Amino acid sequence: MGTPSLQDPLFATYAIAATLMILKAVGMSWLTVARMLRANGGFRSPEDLRKTPLNPQPSPKQLAPDESVERIRRIHLNDLENLPFFLVAGLLYVMTAPSLWVARLLLYGYVVSRLLHFAAYLTAQTHDLRATLWTIGSLILVFMTCRTLLAALGW
Amino acid sequence: MGTPSLQDPLFATYAIAATLMILKAVGMSWLTVARMLRANGGFRSPEDLRKTPLNPQPSPKQLAPDESVERIRRIHLNDLENLPFFLVAGLLYVMTAPSLWVARLLLYGYVVSRLLHFAAYLTAQTHDLRATLWTIGSLILVFMTCRTLLAALGW
Amino acid sequence: MGTPSLQDPLFATYAIAATLMILKAVGMSWLTVARMLRANGGFRSPEDLRKTPLNPQPSPKQLAPDESVERIRRIHLNDLENLPFFLVAGLLYVMTAPSLWVARLLLYGYVVSRLLHFAAYLTAQTHDLRATLWTIGSLILVFMTCRTLLAALGW
C-alpha cells in the first residue's frame, strides 16, 4: 500500500469496517441512555437525583442497578475490551498489503462476528453461543496482529 | 490529503485535537491517584493494604469506595467509552479531505465539548447539563464517522 | 517520515510495540476466560447460569465475584485506560521524525514497563512497585504526546 487513501480498495475496506465498529460502540452509549429513560433509573451519580426537566420526580431507587441497563453496560465494556484494539490492528494489517479478498474476509468477518455477538448478548442467549461468537472475532484480531508483527519484524 | 504529515494543516488539526484528548484521558489516571492520596483510600486490590513507604498505616477502610475517587473513575470510564473512538474517527475523517474550517470546527468542537463535560461532571452539575455536553460530542463523532463511511463506500 | 510503511525502521518500531501491546490486551480477555474456567465462576450475566455443554452444573454461586478473576479484570481495565491512548500517541509520535534510538527507547520502554506492571499486578506485589511501573509507562506516554502536540503546533 502506498499513501493511505479512501480510494484505495484495501484501505477503504478497513475504513468501512472501522467506521461500522465505531458506530456500533457509540450506539451502546445511546442504547444505555434509551434504557435509562425507559427504566427511569440505572443512574450512577448522586447528582442524578436532582430534580430537573429530564428527571421531574427523582427517587433514591434511580441509583440502584437496573438489569436492562446493566446488560448494555456489560456489552459496552466488552466493546471497549475489543474494538479499540481492532481499530488499530486493522489499520496496521492493511499496511502488510494482504490480498483484497483476505482483508475483506477478516475485516468484514470481524464486523459480522461482533454484530452477532451483540445480538446474542442483547437477547440473553446462552453463554456458549456468546463465547463462540466472541472467540471468532478475537481469533481474527489475533491473526491480523500476529501477521502485522511478523511483517514489521521483516519475516 | 496526500502523505499524512504534521506539516499538513488538516492533519495537524487532527493531531492537536488527538493529543489534547490523550492528555485529558491520561490526566484522569493522575487525578485518580491524587484523589486516592488525598482520601487515603479508594483502593481496589487486597495487596494495597500492605504496609509500604507510600501507605505506612494501612486500614481495611482503604478498600471501601470513596466517592471523590469514584467520581473520577466514572469520568474516566466515560472517556474510555468515547475518546478511543474519536481518535480513530478523527484520523479517518481528515482523510476525506474536508475543508480546513469544517475540520477545525468539528475536531476542536469535540475537544471543547469534552473539556466542558469534564468540568460539569467534576463539579457535579445536573445530569441535564452533563448529558447535553456529552450529546454534542457524540453527535460530532457520529457525523465524522458517517461522513467517512460514505466516502469509503465511494458515495 | 514519508509514506507510512512497515519497511520504514521508525514505523516498524511503532508497529512492533503496538502489536505487542494489542496482543497483551487481548491476552487479558483470554486469561479472564481461563480463570473463569478454573474457578468455575466469576461470571457476570444471569444467563450464564443456564445449563449448557460448557456449564453442565450451574449454581448461583457462579455469579459471585471471584478474586482470581477480578484481579485479571482490574489488570484489563488498567490496560483499557492506557493502551488505546498509547497506540494512537505512538503512531503520531513517529510522525514527528524522532531519531530511531529515541523512538526505540520510548516505545520498547513502554512495552517493557507494561509487561513488568502486568507481572507485578498478577503476582500481587506491593502497590508501590505496581505504581512505580505504571508511572514509568505513563510518563513515556505523556512525553510522546506532548512532543507530538508541540510538533503539530509548529514549535
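The structure displayed is predicted, hence computed values, not measured ones. Each chain gets a letter, A, B and so on, in the order the sequences are listed, and its residues count up from 1. For the numbers below, each heavy atom of this structure counts, side chains included, while hydrogens, waters and symmetry mates do not.
- Neither the backbone nor the side chain of Pro9(A) comes within less than 4.5 Å of any heavy atom of chain B.
- Looking at Asp128(B), its side chain does come within 3.5 Å of a backbone N or O of Leu54(A) through a donor-acceptor pair.
- Residue contact with chain A, scored on non-hydrogen atoms closer than 4.5 Å, involves the backbone of Gln125(B) exclusively.
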Are Met21(A) and Phe85(B) close enough, and set up right, to give a side chain to side chain contact (heavy atoms under 4.5 Å, CB included), and what steps lead you there? CA-CA 9 Å; Met21(A) 290 290 86; Phe85(B) 303 106; over 6 Å; no
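- Under 4.0 Å is where a charged nitrogen must lie from a carboxylate oxygen, and between Arg130(B) and Glu47(A) at least one such pair does.
- A donor-acceptor contact closer than 3.5 angstrom links the side chains of Arg74(B) and Ser45(A).
- Residues Ala12(A) and Ala152(B) come closest through the heavy atom pair CB-O, 3.7 Å.
- Contacts of Arg44(A) with chain B are made by both backbone and side-chain atoms, with heavy-atom separations under 4.5 Å.
- Only the side chain of Leu20(A) comes within less than 4.5 Å of a heavy atom in chain B; its backbone stays farther off.
- In terms of heavy-atom pairs under 4.5 Å with chain B, the best-connected choice from Ile16(A), Leu83(A), Leu87(A) is Ile16(A).
- Counting heavy atoms from C-beta outward, Leu77(B) and Leu80(A) have side chains that approach closer than 4.5 Å.
- Considering CD1 of Ile22(A) and CG of Leu92(B), their distance stands at 6.0 Å, rounded to 0.5 Å.
- Between Thr19(A) and Cys146(B), the closest side-chain pair of non-hydrogen atoms is not below 4.5 Å.
- In this structure, the portions of Leu149(B) lying under 4.5 Å from any heavy atom of chain A include both its backbone and its side chain.
- With a threshold of 4.5 angstrom between heavy atoms, Phe86(B) does not approach chain A through any atom at all.
- Below 30°, between 30° and 60°, or above 60°: for His127(B) and Phe43(A) the angle between ring planes is below 30°, a parallel geometry.
- Between Ser138(B) and Ser29(A), every side-chain heavy-atom pair lies at or beyond the 4.5 Å cut-off.
- The shortest side-chain heavy-atom distance between Val26(A) and Thr145(B) does not fall under the 4.5 Å cut-off.
- Of the listed residues (Val88(B), Leu141(B), Thr148(B), Thr96(B)), the greatest number of heavy-atom pairs within a distance under 4.5 Å of chain A belongs to Val88(B).
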